[in-house]
Amino acid sequence: MAKQRALITGITGQDGSYLAEFLLSHGYEVIGMVRRSSTVNFERIKHIQDKITLVTGDLLDEVSLIHMLRDHRPTEVYNLAAQSFVQTSWPQPVFTGETTALGVTRMLDAVRIVDPDIRFYQASSSEMFGKVVEVPQHEDTPFYPRSPYGVAKVYGHWITVNYRESYNMYACSGILFNHESPRRGLEFVTRKISNGVARIKLGLDEELRLGNLDARRDWGFAGDYVEAMWLMLQQDQPDDYVVSTNETHSVREFCELAFGNLDLDYRDYVVMDERFMRPAEVDLLIGDSTKARTKLGWEPKTSFPELVRMMGDADMKLLKEQQR
Ligand code: NAP
Ligand code: GDD
């Protein structure tokens with residue numbers, strides 16, 4: 001059988017790096033799309049850089065996507081690239097829409113033009129449920145996005161469904177709940193906490209400034225979630241799936257555990273800061289991933305305490321190495 005070839009947009013991001021590792025371990029040839037920047041930002045993929053092919057392209061430029069597909073002819077496309085930070089989507093709503101919403105159409109349309117048989121995965125989000133109208137949230141729960149990012153992801157989801165129905169393309173939307181790891185960007189709350197705790201323990205900081213401690217999320221491990229993305233593209237029929245742990249925890253609980261792991265009490269260090277509050281909040285997310293579990297045979301392998309521990313240990317190690 002010919003070697004499977006996957007193209008990953010967003011390969012320099014958290015999920016892109018785990019997915020690339022996963023696909024390499026399954027014998028895939030991996031093509032990664034990277035956008036031009038003045039400084040190289042391959043930190044998350046430098047350990048596999050000699051095993052993958054990097055090509056320049058941008059979700060804002062459809063011509064670059066068409067060239068990339070024509071030149072490399074992947075069998076699967078994983079569209080992970082996005083302006084993914086919810087908070088930034090308020091000050092940059094148009095850019096967020098261009099990338100996170102219209103970018104999906106550009107990628108889908110490039111696939112349709114070059115080879116509509118390419119299997120397509122879209123990185124959709126539990127942020128689409130926003131001000132939830134149902135608990136827990138599953139594939140048929142109506143969307144009520146609460147940020148320009150959430151609105152953009154709703155567009156990305158429906159354009160994926162529409163290309164599937166209009167052109168009979170194998171296009172799937174994976175509605176993934178929050179997933180974290182030591183490779184998470186420092187601006188997201190879990191990594192901000194794991195990094196902040198380690199810095200406090202090492203005497204580098206005295207406090208950690210956070211926003212809403214009462215928000216609840218269904219947090220899993222990114223390394224577990226990329227397997228679900230792949231499984232979605234290996235089925236007989238394309239479909240959409242919720243991927244979640246089916247547990248919810250508050251930011252406060254994350255703090256309690258992360259500080260507690262280093263024998264610290266979060267109440268002595270966490271300071272509420274209005275700057276990190278959002279104009280409209282998503283208060284509660286908790287998924288129901290029964291469909292992914294039954295149809296894909298997927299399930300998360302990492303528990304919440306294991307995730308908090310993994311991230312805390314990794315940040316402590318990293319900071320100690322930097323101090324040497
Ligand atoms: P991430 O770490 O922020 O990575 C985003 C990636 O997108 C980066 O590689 C970034 O490139 C790239 N990118 C941004 N704009 C681009 C553009 N115009 N053209 C090409 N590439 C561009 O995000 P992540 O956590 O890995 O998430 C991956 C995807 O899943 C995103 O679409 C996100 O919205 C979605 N999602 C994430 C979660 C989660 O909890 N992590 C949950 C649901 C859905 P640079 O490195 O050059 O910035
Ligand atoms: N980032 C951040 N920083 N969030 C904070 C802070 C803080 O200082 N303090 C409290 N929070 C709260 C936010 O208000 C939010 O309710 C929650 O922590 C999680 O915030 P993030 O970690 O920034 O993630 P997110 O849930 O908004 O979005 C992530 O998950 C989505 C899936 O539901 C991102 O990865 C999105 O790309 C993804 O789609």
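Just so you know, ligand 1 is whichever comes first in the structure, and atom 1 is the first atom listed for that ligand.
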[X] contact mode with ligand 2 (heavy-atom cut-off under 4.0 Å):
X      : result
Val86  : side chain
Lys192 : side chain
Lys153 : neither
Leu210 : both

Can the ring centres of Trp298 and Tyr225 be said to be less than 6.0 Å apart?
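Yes, the ring centres sit under 6.0 Å apart.
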
Please check if the distance between the ring centroids of Tyr170 and Phe120 is under 6.0 Å.
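When the ring centroids of Tyr170 and Phe120 are compared, they turn out to be at least 6.0 Å apart.
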
Decide whether the shortest distance between a heavy atom of Gln83 and an atom of ligand 2 is less than 4.0 Å.
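No, that is not the case, since the closest heavy atom of the residue is not under 4.0 Å from the ligand.
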
Quick check on Arg278 - does any of its heavy atoms sit under 4.0 Å from an atom of ligand 2?
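Yes.
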
Candidate with minimal heavy-atom separation from [atom], of [options]:
atom                    : options                       : answer
atom 36 (N) of ligand 1 : Phe188, Phe95, Phe177, Tyr149 : Tyr149
atom 6 (C) of ligand 1  : Ser125, Ser124, Ala222, Gly10 : Gly10
atom 5 (C) of ligand 1  : Ala82, Gly32, Gly103          : Ala82
atom 23 (O) of ligand 1 : Gly13, Ser84, Ser37           : Ser84
atom 40 (O) of ligand 1 : His179, Met229, Arg106        : His179
atom 29 (C) of ligand 1 : Thr99, Thr9, Leu80            : Leu80

Between [X] and ligand 1, is there a nitrogen or oxygen pair with a distance under 3.5 Å?
X      : result
Leu60  : no
Thr12  : yes
Leu176 : no

Which of the atoms of ligand 2 are close to Phe276, meaning less than 4.0 Å from one of its heavy atoms?
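It comes down to these atoms of ligand 2: 7 (C), 8 (O).
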
Enumerated ligand 2 atoms positioned under 4.0 Å from heavy atoms of Glu127
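Those qualifying, in numeric order: 26 (O), 31 (C), 33 (O).
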
Which word best sums up how the rings of [X] and [Y] line up, parallel for under 30°, tilted for 30 to 60°, or perpendicular for over 60°?
X      : Y      : value
Phe259 : Tyr269 : parallel
Tyr78  : Tyr121 : tilted
His249 : Phe304 : parallel

Once salt bridge (Lys or Arg N to Asp or Glu O under 4.0 Å) is applied, do any residues pair with Glu76, and if so which ones, sequence neighbours excluded?
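Salt bridge (Lys or Arg N to Asp or Glu O under 4.0 Å) list for Glu76, sorted by chain: empty.
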
Identify, for atom 22 (C) of ligand 1, the protein heavy atom at the shortest distance, and state residue, atom and that distance.
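Minimum-distance protein heavy atom for atom 22 (C) of ligand 1 reads Ala81 CB, 3.6 Å.
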
Relative to Tyr163, does Arg112 satisfy both conditions: NZ or CZ under 6.0 angstrom from the six-membered ring centre, and within 45 degrees of the ring's axis?
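Relative to the ring axis of Tyr163, which defines the angle, Arg112 lies outside at least one limit.
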
Please name all residues satisfying side chain to side chain donor-acceptor pair (under 3.5 Å) with Gln92, sequence neighbours left out, ordered by chain then number.
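Side chain to side chain donor-acceptor pair (under 3.5 Å) list for Gln92, sorted by chain: empty.
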
